Amino acid sequence: MLSRRSMLFSGSALLIASSAYLWTSRSASGSDGIWYAGTDGFAADGADVVAYHTLQADAAGRSGTSAHVAEWAGAKWRFVSAENKAIFLQNPQKYAPQYGGYCAWAMARGYKAHGDVDAWMIVGGRLYLNYDENIRRRWQKDIPGFIADADQQWPTVRGTG
C-alpha cells in the first residue's frame, strides 16, 4: 500500500510529465527548426511576429488574421496586414521568435515550455518569448546570460518533443 507521501509525489511527477508533453506536443517541425504552434496550428500562437517590432514594451501581442497567412520553415504564420506579411517574407529569420517560439528562460535551462505571446521582449532586434510575466521578470535579471545559455541549449533541445 502506498503512503500518502508516495501518492502525492507520484501525482506531482505525473502532472509535471503531462505538462511537459502538452508544451511540446503542439509543435510543427520545419526544415529550419521546430516552431511552437498553438491549438490553431499557427506559429507563435497566431501572433503577428512583425508587429512586435512596432509595439510598446509590455503591450499584448497582436493576433494576425486568416486573410494574411504565410508559410515558412514548415510552419504557418499570421499577420495583421499584407505589408507585415511581405516584411516577414523578406527576412523571416529577423522576425521569427528565437528558440522556435518556446520560452527563452526555459530554453536556457535546457527544456521547452510554451512561449506566451504577451510575455515578450525585443533584444538586439530579435523577438524572445517567455512562459508568462513572472518568468519574463526572472529572465530580465540576466538577459545576456540567459540568451547565451539558451543559444547553447537550443541545438540539442530543438530536436526533442
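Values reported hereafter were calculated over all heavy atoms of this structure, with side chains retained and with hydrogens, waters and symmetry mates removed. Because the structure is a prediction, the values reported are computed rather than measured.
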Apply side chain to side chain donor-acceptor pair (under 3.5 Å) to Y99 and list each qualifying residue two or more places apart in sequence or on a separate chain.
-> D151

For residues R158 and P155, report the shortest heavy-atom separation together with the two atoms involved.
-> CG-O, 3.7 Å

Could you give the distance from CE (M107) to CD (Q153), rounded to the nearest 0.5 Å?
-> 8.0 Å

Can you find a heavy atom in the side chain of D132 that is under 4.5 Å from one in the side chain of W105?
-> no

Rest of the hydrophobic cluster containing V69 (Ile/Leu/Val/Met/Phe/Trp/Tyr, side-chain heavy atoms under 4.5 Å)?
-> F42

Taken in chain and number order and not counting sequence neighbours, the residues that satisfy side chain to side chain contact (heavy atoms under 4.5 Å, CB included) with S81 are E83, N84

Tell me, please, which residues at least two apart from I122 pass side chain to side chain contact (heavy atoms under 4.5 Å, CB included).
-> Y52, H53, W120, L127

S63 versus T65: any side-chain heavy-atom pair under 4.5 Å?
-> no

Tightest non-hydrogen contact, residues A104 and N130, listed as N-ND2, 3.7 Å

Evaluate the criterion side-chain contact (heavy atoms from CB on, under 4.5 Å) for residue pair V117 and Y36; output intermediate values, then yes/no.
-> CA-CA 11 Å; V117 297; Y36 177 81; over 6 Å; no

Answer with yes or no whether the side chains of D45 and H114 bring together a donor and an acceptor at under 3.5 Å.
-> yes

Exam field: side chain W77 to backbone G46, donor-acceptor pair closer than 3.5 Å = no

Quick one: CZ on R126 to OH on Y95, what's the gap to the nearest 0.5 Å?
-> 10.0 Å

Can you name the nearest heavy-atom pair linking Q93 to Q98, along with the distance?
-> O-NE2, 4.4 Å

To the nearest 0.5 Å, how far apart are CG in L129 and SG in C103?
-> 8.5 Å

Taking all heavy atoms of D118 and all of D116, pick out the closest pair and write down the distance.
-> N-OD1, 2.8 Å

For N134, what residues pass the side chain to side chain donor-acceptor pair (under 3.5 Å) criterion, not counting sequence neighbours?
-> R137

ILVMFWY network linking V80 to L89, side-chain heavy atoms under 4.5 angstrom = no

Taking atom CE of M121 and atom CZ of R136, what is their separation to the nearest 0.5 Å?
-> 6.5 Å

Within-4.5 Å side-chain heavy-atom neighbours: H68 and R78 = no

Carefully, step by step, assess R109 and F146 under the rule side-chain contact (heavy atoms from CB on, under 4.5 Å).
-> CA-CA 8 Å; R109 302 228 165 335; F146 287 126; 3.2 Å; yes

Quick one: CG on D142 to CZ on R138, what's the gap to the nearest 0.5 Å?
-> 14.0 Å

Mind checking what makes ring pair (Phe, Tyr, Trp, His ring centres under 6.0 Å) contact with F79, not counting sequence neighbours?
-> F88

Is there a path of hydrophobic side-chain contacts, each under 4.5 Å between heavy atoms of I, L, V, M, F, W or Y residues, that connects I143 with Y131?
-> yes

For the pair W35 and Y102, evaluate ring-ring contact (aromatic ring centres under 6.0 Å, His included) and give the outcome as yes or no after the intermediate values.
-> CA-CA 8 Å; W35 301 99; Y102 291 95; 9.1 Å; no

